[in-house]
Amino acid sequence: MTMQRIGGLAALICAATYIFGFTLLVTVFAESGFGTNDIDAAGVVRFTVDNQALMITWFTVIYVLNALALAVLVVALASRLRAKSADWATMTLAFGLIWTTLVLGAGMIGNVTTETMAAMAPNDFDSAVQTWEALHAVELGLGGGNEIAGGVWILCVSLAGIMHRAFGKIVVGLGLLTGIGGLLTVFPPFGEIAGAVFGLGAIAWFIAVGLALLFKRDVVLSEPMQS
């Protein structure tokens with residue numbers, strides 16, 4: 001199996017981790033406001049203590065598994081671009097690995113936070129809530145509260161696709177939309193909406209990239225951009 005096909009599988013895994021994350025956010029975690037600005041810290045700590053295995057699974061899938069698959073995709077896309085432009089390939093590789101590292105770090109912090117809450121809460125609930133708020137802020141800073149690193153990487157890949165005709169219109173269009181959404185998450189008034197645009201856009205983009213790499217659908221997904 002070629003690196004391009006492996007990268008295609010990795011892209012679909014990335015999409016699957018996002019779908020898993022969104023599904024839990026709008027169902028199991030909805031009551032506590034998890035993933036929104038109206039989050040109930042005490043409610044999350046109680047839920048974490050009662051559902052430690054689920055929380056560890058959540059963080060492992062949306063962060064750790066995602067980061068591992070993302071690393072493979074980053075390398076595969078850089079390899080695809082290298083034939084077009086060595087400089088752009090190197091730049092996308094650098095930004096992609098930065099994002100991968102941040103996402104992996106967020107997952108490790110999330111899992112440690114879960115274990116810490118399970119140990120602290122039964123003895124000192126108030127301190128557990130305060131500790132969770134501090135650690136959650138670190139987690140969000142690395143991988144969930146803003147999507148600057150991911151937005152920059154996807155934008156770079158998309159711009160390289162435009163300039164060097166490395167990707168088709170669907171991949172590039174979804175990439176530009178998703179990347180801009182990621183950058184807008186840094187501005188509080190747009191945070192939640194931009195985050196949703198980035199997350200949903202990333203799902204579509206990962207799927208489009210995955211299909212392009214797996215099946216080499218040059219006409220549909222990798223059609224050269226017209227000048």
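What you are looking at is a predicted structure, and each value in this text was computed from that prediction instead of being measured.
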Item to complete: Could you go through the side chain to side chain contact (heavy atoms under 4.5 Å, CB included) check for Val152 and Trp99 one step at a time?
Response: CA-CA 9 Å; Val152 168; Trp99 188 28; over 6 Å; no
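- One finds the CD1 atom of Ile39 at 7.5 Å from the CG atom of Leu140 (value rounded to the nearest 0.5 Å).
- Rounding to the nearest 0.5 Å gives a distance of 5.0 Å between CD1 of Ile207 and CD1 of Ile19.
- Annotation: side chain of Arg5 is not in contact with side chain of Leu9 (no heavy-atom distance under 4.5 Å).
- For Trp205, the ring pair (Phe, Tyr, Trp, His ring centres under 6.0 Å) partners are Trp153, not counting sequence neighbours.
- Counting only residues at least two apart or in different chains, side-chain hydrogen bond (donor to acceptor under 3.5 Å, both in side chains) contacts with residues 101-115 comprise Thr60-Asn111.
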Going by atom type alone, with no hydrogens or angles, which donor-acceptor pairs under 3.5 Å involve a side-chain atom of residues 117-128 and a protein atom two or more places apart or on another chain?
| from | atom 1 | to | atom 2 | distance (Å) |
| --- | --- | --- | --- | --- |
| Asp124 | OD1 | Ser127 | N | 3.3 |
| Asp124 | OD1 | Ser127 | OG | 3.3 |
| Asp124 | OD2 | Ser127 | OG | 2.7 |

Q: Test Leu12 against Leu214 for side chain to side chain contact (heavy atoms under 4.5 Å, CB included), laying out the working first.
A: CA-CA 10 Å; Leu12 296 181; Leu214 272 174; 3.5 Å; yes
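- Side chains of Ile203 and Phe22 form a contact here, defined as non-hydrogen atoms less than 4.5 Å apart.
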In residues 85-95, what donor-acceptor pairs under 3.5 Å come from side-chain atoms, sequence neighbours left out?
| from | atom 1 | to | atom 2 | distance (Å) |
| --- | --- | --- | --- | --- |
| Ser85 | OG | Trp88 | N | 3.3 |
| Thr90 | OG1 | Ala86 | O | 2.9 |
| Thr92 | OG1 | Trp88 | O | 3.1 |
| Thr92 | OG1 | Ala89 | O | 3.0 |

Applying side chain to side chain contact (heavy atoms under 4.5 Å, CB included) to Phe206 and Leu73, what does each step give before you reach the verdict?
CA-CA 9 Å; Phe206 282 134; Leu73 177 59; 3.6 Å; yes
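- For Thr57 (side chain) and Ala53 (main-chain N/O), a donor-acceptor pair under 3.5 Å exists by modelled atom type.
- Atoms OG1 and CE, from Thr48 and Met55 in turn, are 4.0 Å apart once rounded to the nearest 0.5 Å.
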Output a table of donor-acceptor pairs, distance under 3.5 Å, between side-chain atoms of residues 172-187 and any protein atom two or more places apart or on a different chain; print 'none' if there are none.
| from | atom 1 | to | atom 2 | distance (Å) |
| --- | --- | --- | --- | --- |
| Thr178 | OG1 | Leu174 | O | 2.8 |
| Thr178 | OG1 | Gly201 | O | 3.2 |
| Thr185 | OG1 | Glu147 | N | 2.8 |
| Thr185 | OG1 | Gly182 | O | 2.5 |

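- The two atoms that bring Ile62 and Gly21 nearest to each other are CG2-CA, 3.7 Å, heavy atoms only.
- Residues Val72 and Ile13 form no side-chain contact, since every pair of their non-hydrogen atoms from C-beta on lies 4.5 Å or further apart.
- Between Phe29 and Trp58, the ring-plane angle classifies as perpendicular under the 30° and 60° cut-offs.
- Side-chain atoms of Phe167 and Leu77, non-hydrogen and from C-beta on, do get closer than 4.5 Å to each other.
- Smallest separation of non-hydrogen atoms from Phe198 and Gly151: CE1-N, 3.8 Å.
- Ala149 and Leu102 make their closest contact through CB-CD1, 3.8 Å (heavy atoms, listed as atom of the first residue, atom of the second, distance).
- Side-chain atoms of Arg80 never come within 3.5 Å of backbone atoms of Gln4 as a donor-acceptor pair (strictly under, hydrogens ignored).
- The other members of the hydrophobic cluster of Leu104, by chain and number, are Val64, Leu68, Met108 (side-chain heavy atoms under 4.5 Å, ILVMFWY only).
- Between the side chains of His136 and Glu133, no donor-acceptor pair of N or O atoms lies under 3.5 Å.
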